[in-house]
Amino acid sequence: MPQKGMRSLCFNPETPLFQGSMSPSSSIALLASGFSESMIEQIIDTAAIIVAKWDGETPSYAKVTSMFYESKREAVHFIRSVNDLRKIMHFVSGQDSGSKNLIRAQSLMQIAMKRLQKEFYQILSMNRAHLDPESVSTRSSRTSTQSSFSDYDYDASPDYEIGAAKESISEVEEVSFMAMSDLKSIADCMIGSGYAKECVQIYNMIRKSIINEGIYKLGIEKVSLSKINKMESGVLNLKIKDWLEAMKISMRTLFTGERILCDFVFSSSNSIRESCFSEITKEGAVLLFEFPEVVAKVKKSSPERIFQLLGMYTAISDNWPEIKTIFSFESISASRSQALNSMARLSESVRLLLLDFESMIQKDSSKTIVPGGGIHPLTIYSMNYLTALADYGNILTDIISDWPPPAKSSLPEISFYSLVSNESSAAPISDHISQLILVLVCKLDSKAKYYKDVAVLYLFLANNLQYVISRIHKSNLHSLLSTEWITKHKVKITKIILNL
């Protein structure tokens with residue numbers, strides 16, 4: 001009795017190319033009891049027919065024609081023929097290492113591997129558009145679980161299986177899936193036959209060029225700190241804008257698509273898919289993730305730079321789950337480390353810029369008197385800055401979470417203001433925002449003294465503090481500051497008005 005589930009080593013007698021081959025049932029029976037000499041010769045003879053037909057060294061159309069494009073069914077049989085040949089070689093080598101059949105099988109295997117190398121290269125080259133990371137990354141998840149041609153059950157019709165897959169995917173996805181399936185069947189065969197190195201070399205060469213080209217088109221290049229320090233602000237702003245777009249595209253398509261493709265093609269070997277993906281993407285990924293770290297080191301210290309840094313921090317933070325997943329291999333940990341290093345450097349620079357902003361308010365020496373006790377330009381500028389910061393509330397919370405709370409202010413006490421008690425359980429972000437507003441209001445108090453009319457002085461204080469409270473209510477600052485803080489300062493406004 002044949003063993004249940006054992007795959008036949010010979011081909012379908014209904015296929016014209018293989019007429020005369022043993023029936024699947026007889027092959028299975030012989031497998032169970034061992035290969036006979038006649039069966040070994042017949043399997044080698046059968047393999048020799050299709051291998052010779054597609055021998056690239058022979059003067060025939062095989063030199064310029066792709067087997068996988070000429071006849072998908074024949075390509076399937078070629079792959080299976082090589083797999084059967086490998087099994088025969090393994091069996092015979094254990095019986096007689098000097099066997100003529102083994103020598104002949106080895107010669108056929110070498111010819112077959114050269115053919116598959118050519119097919120592998122042709123499919124990768126001719127399908128650059130359909131195997132670009134965007135096409136692959138947008139491919140339906142349904143197709144990722146479809147079997148490759150090498151996985152089709154022998155008794156099923158390949159045309160039927162392919163037709164069923166076509167019904168569930170778009171035309172673009174279909175071409176992408178077919179190319180990926182062809183690559184996988186070739187890779188499985190070459191790896192199983194001991195030709196993994198040759199397969200990997202071809203794959204890495206072509207796919208790495210695609211990733212590097214994609215990175216270049218996105219405007220990502222190696223930029224030194226000295227070069228960035230010499231850039232005009234407008235040029236640097238454009239580079240940061242380009243990087244933000246590149247980050248989005250890279251994570252959504254470029255690296256995601258490459259990881260999907262690599263995992264699919266080399267699913268038979270975890271070590272190979274890891275080494276391939278690492279080799280192909282490590283340079284581009286590090287190049288992408290290191291740009292924010294360089295920008296964060298720029299010496300130019302304008303308070304407004306904080307928003308660029310926060311934007312880059314947000315881009316990495318939002319994509320961190322994907323970064324960890326895509327670059328999960330230990331061999332490419334440098335990519336994850338670089339992303340973390342950039343976030344750490346950005347955090348440090350954001351904190352320094354917050355201190356610079358506070359210092360700028362404290363050092364403001366303008367003696368401008370706003371007619372009628374109106375809103376001072378410093379109040380408008382500072383609140384615009386703070387409300388814009390509040391839009392990055394979650395990011396700021398992450399950055400400030402382990403930042404020591406501001407020291408007890410040494411600023412002079414003012415009649416209408418006092419900081420929330422140090423015993424308050426406010427979050428770090430609330431403490432630091434409160435500190436910045438305290439510095440602003442204390443500076444306004446000092447500017448109020450330029451008014452000789454006491455009534456106008458108090459009107460100036462009331463108007464400006466009312467403006468501060470109003471901007472807080474109309475922005476995300478409201479969620480960053482404690483209710484206690486806001487209530488307390490509304491009371492201060494009332495007290496000032498009573499003094500008018």
Side-chain angles (χ1 to χ4, degrees), residues 302-314 317-318 346-347 349-362 364 370 374-409 411 414 416-445 447 460-497:
S302 166
E304 287 75 17
R305 283 191 62 240
I306 197 171
F307 300 109
Q308 294 177 332
L309 304 186
L310 286 170
M312 290 190 287
Y313 186 101
T314 301
S317 178
D318 287 351
L346 288 168
S347 294
S349 295
V350 165
R351 292 176 179 182
L352 290 174
L353 286 172
L354 286 174
L355 293 175
D356 288 347
F357 174 67
E358 179 178 339
S359 177
M360 182 207 69
I361 297 174
Q362 291 177 329
D364 185 274
V370 182
I375 311 301
H376 197 280
L378 180 62
T379 308
I380 297 173
Y381 171 81
S382 298
M383 292 312 298
N384 284 342
Y385 190 89
L386 290 173
T387 54
L389 278 180
D391 291 337
Y392 295 92
N394 292 333
I395 295 300
L396 278 174
T397 297
D398 290 341
I399 292 174
I400 295 177
S401 61
D402 59 348
W403 199 16
K408 187 174 182 180
S409 177
L411 295 170
I414 51 181
F416 63 93
Y417 188 90
S418 63
L419 190 61
V420 175
S421 170
N422 289 334
E423 285 72 33
S424 170
S425 60
I429 182 66
S430 180
D431 287 342
H432 285 279
I433 295 295
S434 298
Q435 169 71 8
L436 292 173
I437 295 176
L438 167 65
V439 172
L440 169 63
V441 177
C442 288
K443 176 58 67 172
L444 291 173
D445 181 62
K447 293 183 180 298
F460 171 79
L461 294 175
N463 284 337
N464 280 268
L465 189 53
Q466 176 61 49
Y467 180 84
V468 169
I469 297 298
S470 175
R471 292 298 302 275
I472 290 172
H473 272 296
K474 294 178 181 179
S475 70
N476 288 327
L477 284 169
H478 188 270
S479 61
L480 298 181
L481 294 168
S482 66
T483 303
E484 177 189 2
W485 191 97
I486 297 173
T487 301
K488 185 174 183 178
H489 291 82
K490 286 182 178 179
V491 173
K492 298 299 179 183
I493 297 174
T494 302
K495 289 182 179 180
I496 295 172
I497 293 174

Heavy-atom check, side chain of V350 versus side chain of I395, under 4.5 Å: no
Quick one: side chain to side chain donor-acceptor pair (under 3.5 Å) partners of R305, sequence neighbours excluded? none
Report the distance from atom CG of D431 to atom CG of L438, rounding to the nearest 0.5 Å. 12.0 Å
OG-CD1 distance between S470 and I375, expressed to the nearest 0.5 angstrom: 9.0 Å
Candidate list L444, L440, L378, test side-chain contact (heavy atoms from CB on, under 4.5 Å), partner D364, passing option: L378
Check whether any side-chain N or O of S382 sits under 3.5 Å from a backbone N or O of T379 as a donor-acceptor pair, and report yes or no. no
L354 side, atom CG; L389 side, atom CG - distance, nearest 0.5 Å: 6.0 Å
With sequence neighbours left out, write down each residue that passes side-chain contact (heavy atoms from CB on, under 4.5 Å) with T397, or none if nothing qualifies. I429
For Q362 against K443, the heavy-atom pair lying closest together: O-NZ, 2.7 Å
Would you say N394 has more than 12 foreign heavy atoms packed within less than 6.0 Å of its CG? no
Sub-4.5 Å side-chain heavy-atom contact between Y313 and Y392: no
Check whether any side-chain heavy atom of V370 lies under 4.5 Å from a side-chain heavy atom of K447, and answer yes or no. no
To the nearest 0.5 Å, how far apart are CG in D398 and OG in S317? 5.5 Å
With side chains defined as the heavy atoms from C-beta onward, is the minimum distance between S302 and L353 less than 4.5 Å? no
Any idea how H478 and H473 line up, ring-wise: parallel (<30°), tilted (30 to 60°), or perpendicular (>60°)? tilted
Between H432 and L396, is there a side-chain heavy-atom distance shorter than 4.5 Å? no
Look up atom CG in N464 and atom CE in M383, then write down how far apart they are to the nearest 0.5 Å. 11.0 Å
Can you name the nearest heavy-atom pair linking R351 to W403, along with the distance? O-CH2, 3.7 Å
Determine the minimum heavy-atom distance between G393 and L480, stating which atoms define it. CA-CD2, 4.1 Å
Working note: F357 + I306, criterion side chain to side chain contact (heavy atoms under 4.5 Å, CB included); need CA distance, chi angles, decisive distance, verdict. CA-CA 10 Å; F357 174 67; I306 197 171; over 6 Å; no
Are any non-hydrogen side-chain atoms of L461 and V441 less than 4.5 angstrom apart? no
Do F460 and H376 touch side chain to side chain, with heavy atoms closer than 4.5 Å? yes
What one should report as the nearest heavy-atom pair of E304 and Y385 is N-CE1, 4.2 Å
List the atom of T387, the atom of S475, and the distance in Å for their closest heavy-atom pair. CG2-OG, 3.4 Å
Could you tell me which residues satisfy ring pair (Phe, Tyr, Trp, His ring centres under 6.0 Å) with Y381, sequence neighbours excluded, listed by chain and number? none
Interatomic distance, OG@S347 vs CG@L310, rounded to 0.5 Å, equals 9.0 Å
Testing the basics here: between L386 and I433, what is the closest heavy-atom pair and its distance to 0.1 Å? CD2-CD1, 4.5 Å
